Amino acid sequence: MVERSQKEVWRLTPWLMIVLLLGNFVLMAYDAKTASQERVIRVWALAIANFVQSPVTTVSSAVTDYFKSISTLRSAQTENDELKQQVEELKVQVQRSEELSDENERLRSLLSLRSESKYKILPAQIIARDPSAWFDHAVINLGSLNGVKLNMPIVNNGGLIGRVVAVSPLTAQINLVTKDKSGLGGVIGELATSNAIGVVTGNGKRELLEMGYVPGSIEVQVGEMVYTSGQDGIYPPGLKLGEVVEVRPGSATVPQQIFIRPSARLFAMEEVAVLLYEPPERPEYEKTVPNAVAEEKKKP
Amino acid sequence: MEQVKITIALIIAIILQWTLRNVAEPFAYVDFPLIIIVYAALQRNAINALILGTISGIAVDALSGGILGANGFSKTLVAYAVSEIARRVYLDNLLLQIPVIAGACLVDDLVFYGLHRLLGQVPSAPVVVTIAYSLIGTTIAGTFIYLILRALSTDKIRRQKRDFFAPRRQTRRRNPIRLGRR
């Protein structure tokens with residue numbers, strides 16, 4: 001190892017700082033440029049971090065569960081009695097529903113319908129949260145080996161949470177819908193019946209989403225539910241997003257400003273699901289520059 | 001040996017930063033790598049501090065939703081600033097190091113936030129609250145970590161003290177008995 005005198009070190013330090021700052025700046029510029037693509041550094045970091053994040057999550061969940069089990073032990077006796085009674089009641093109900101299910105199956109086979117869910121899902125666990133206090137990304141315990149791909153939607157029983165932004169073989173990084181630069185197509189009410197279609201974006205606030213481009217002439221009420229419209233080419237239509245909490249009315253020419261509270265509990269999630277949804281292939285002209293349509297029309 | 005110790009401490013700090021937020025949310029407000037980088041800079045280990053600042057910043061950015069390199073940029077800048085201050089001012093006392101950690105945390109957060117604003121990406125967390133909490137969390141955690149690190153490297157501190165405060169030259173006293181004999 002090279003031994004340097006203090007004088008040499010102090011002479012070298014400003015130059016080293018400039019080189020490192022420039023390196024970081026180049027990295028930032030590259031990252032900003034390739035924001036919509038998968039970044040190699042993130043994928044590698046995810047793969048390496050998995051070796052420590054998974055064991056820590058396992059141990060911490062085990063410890064939490066242990067203390068939870070101790071606290072719930074007190075009420076276990078009364079709960080046990082109540083549950084026994086419920087089991088008896090449910091046995092009768094199950095018998096009845098089995099009969100109905102058989103009947104349903106028979107009728108379905110007669111109509112040659114296949115009972116299958118619209119999208120397949122993969123249950124996943126959050127194994128890490130964003131290491132910086134400024135952002136809210138999370139890491140799940142499923143990766144490309146489990147069939148997870150870039151941009152796949154993440155949901156829980158409350159509704160849409162976000163999408164996959166980086167995939168390593170064993171883990172994947174997810175971006176929440178509330179992030180400043182996230183955007184998706186939304187519709188207030190049912191897709192087929194509502195005209196209130198707009199763009200839902202994160203507005204930098206953790207608790208609220210903002211919906212824009214809804215014409216001022218359309219009436220929107222506080223408390224209405226908002227769903228994905230599927231027009232963004234990432235999320236499928238019909239996923240629950242949240243509830244309208246504030247409407248700033250527009251006019252015939254100015255669109256309304258609508259604020260939505262996400263229905264999924266974004267900051268207390270442990271269990272989520274990856275929706276194995278791949279959007280339909282976009283036409284070639286949509287993949288190129290925005291004015292490609294106009295250019296194509298110009299051609300003879 | 002000291003460099004190895006700081007490198008190991010930094011690896012542990014990065015691992016803690018990656019994992020602890022999932023265990024308890026308040027840990028998000030403790031910047032473990034920054035504490036170690038400031039420690040390295042205070043040891044007048046400027047080159048080490050700069051390199052470790054960049055590496056740890058990128059390691060944190062890689063798993064964060066922010067811009068890749070923003071943390072590396074702010075931490076490198078902080079490492080340089082602290083090493084320059086440590087060169088000019090004697091900061092080996094723990095009580096003097098506490099405000100340095102707080103100041104470093106403040107500068108780091110402001111540079112990080114400023115870079116994101118500059119590049120058009122607004123962090124989702126409220127600015128003042130996040131900076132205030134980070135300042136408190138990082139300063140408290142930093143104080144405890146420095147106590148541990150000082151306990152682990154007492155020999156070096158002793159040696160440094162000896163270098164800085166050389167024993168005072170004692171004037172040779174004349175033997176009063178001899179003086180009396182005159």
Side-chain angles (χ1 to χ4, degrees), chain A residues 1 4 6 9-10 12-14 16-17 20-21 23-32 35 39 41-46 48-49 52-53 55-57 59-60 63-64 126-139 165-166 173 175-176 178-181 202-206 267, chain B residues 3 14-15 17-25 28-31 33 44-47 49-51 53-54 57-77 79-80 83-84 87 109 112-113 115-116 119-127 130 133-134 137:
Chain A
M1 205 167 162
R4 291 191 183 89
Q6 276 295 333
V9 168
W10 298 129
L12 193 69
T13 312
L16 182 67
M17 182 201 60
L20 290 174
L21 289 184
N24 277 302
F25 204 81
V26 169
L27 207 60
M28 278 191 276
Y30 172 75
D31 193 56
R39 288 86 156 216
I41 296 177
R42 287 186 199 270
V43 173
W44 276 98
L46 274 174
I48 295 165
V52 287
Q53 284 170 341
V56 170
T57 311
V59 172
S60 67
V63 172
T64 315
I126 301 280
I127 57 164
R129 303 281 306 279
D130 200 308
S132 158
W134 295 96
F135 296 95
D136 297 305
H137 275 209
V139 178
V165 288
Q173 192 178 25
N175 182 6
L176 302 189
T178 47
K179 198 192 171 189
D180 180 48
K181 291 290 171 195
N203 61 353
K205 289 177 186 166
R206 277 178 164 164
F267 303 103
Chain B
Q3 283 183 2
I14 292 169
I15 290 171
Q17 198 70 30
W18 276 352
T19 51
L20 282 189
R21 192 179 180 184
N22 204 33
V23 178
E25 184 67 22
Y29 298 106
V30 181
D31 199 335
R44 294 165 201 88
N45 230 331
I47 293 177
L50 286 175
I51 294 167
T54 299
I58 292 169
V60 172
D61 277 336
L63 290 194
S64 167
I67 300 168
L68 195 67
N71 236 319
F73 191 96
S74 62
K75 283 189 172 45
T76 309
L77 210 62
Y80 179 73
S83 64
E84 280 297 303
R87 185 158 74 105
D109 279 347
F112 182 80
Y113 181 74
L115 278 171
H116 279 85
L119 295 168
Q121 200 180 54
V122 187
S124 51
V127 186
T130 309
Y133 281 179
S134 315

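Remember, predicted model here, so these are calculated numbers, not experimental data.
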The reported gap from CE in A:M28 to CG in B:N71 (rounded to nearest 0.5 angstrom) is 10.0 Å
Count the heavy-atom pairs under 4.5 Å between each of A:V139, A:L27, A:D130 and chain B, then report the option with the highest count.
A:D130
B:L63 versus A:L46: any side-chain heavy-atom pair under 4.5 Å?
yes
Chain A contact via B:Y133 - which portion, at a heavy-atom distance below 4.5 Å:
neither
Quick one: of B:S134, B:G66, B:A28, B:A46, who has the most non-hydrogen atom pairs under 4.5 Å with chain A?
B:G66
B:I14 portion near chain A, given a 4.5 angstrom heavy-atom threshold
neither
Of B:L68, B:T19, B:D61, the largest count of non-hydrogen pairs under 4.5 angstrom with chain A goes to B:L68
For chain B, the option from A:T13, A:V59, A:N24 that forms the most heavy-atom pairs under 4.5 Å:
A:N24
Counting only non-hydrogen atoms closer than 4.5 Å, does B:V127 touch chain A with its backbone (N, CA, C, O), its side chain (CB onward), both, or neither?
both
Let me know if A:W44 has heavy atoms under 4.5 Å from chain B in its side chain, its backbone, both or neither.
neither
Under the rule for side-chain hydrogen bond (donor to acceptor under 3.5 Å, both in side chains), what residues qualify as partners of B:Q17, not counting sequence neighbours?
none
Are side-chain heavy atoms of A:V56 and B:N22 found at a separation under 4.5 Å?
no
At what distance, to the nearest 0.5 angstrom, does OG of A:S132 lie from NE2 of A:H137?
10.5 Å
Is the shortest heavy-atom distance from the side chain of A:M17 to the side chain of B:L77 under 4.5 Å?
yes
Can you tell which of B:S83, B:S74, B:A62, B:A70 has the highest number of heavy-atom pairs within less than 4.5 Å of chain A?
B:A62
Structural part of B:I67 lying under 4.5 Å from a heavy atom of chain A
both
Side chain, backbone, both or neither: which part of A:I126 has a heavy atom under 4.5 Å from chain B?
both
Would you call A:R42 and A:V165 a side-chain contact if the rule is heavy atoms closer than 4.5 Å?
no
Do you know which of B:E84, B:Q121, B:E25 has the most heavy-atom pairs under 4.5 Å to chain A?
B:Q121
With respect to chain A, which residue among B:G72, B:A79, B:G57 yields the maximal number of heavy-atom pairs within a distance under 4.5 Å?
B:G72
Check the orientation of A:F135 and B:H116. Use parallel for under 30°, tilted for 30 to 60°, and perpendicular for over 60°.
tilted
What residue in A:D136, A:V26, A:V63 has the most heavy-atom pairs under 4.5 Å with chain B?
A:D136
Close side-chain approach of B:D31 to B:V60, heavy-atom, < 4.5 Å:
no
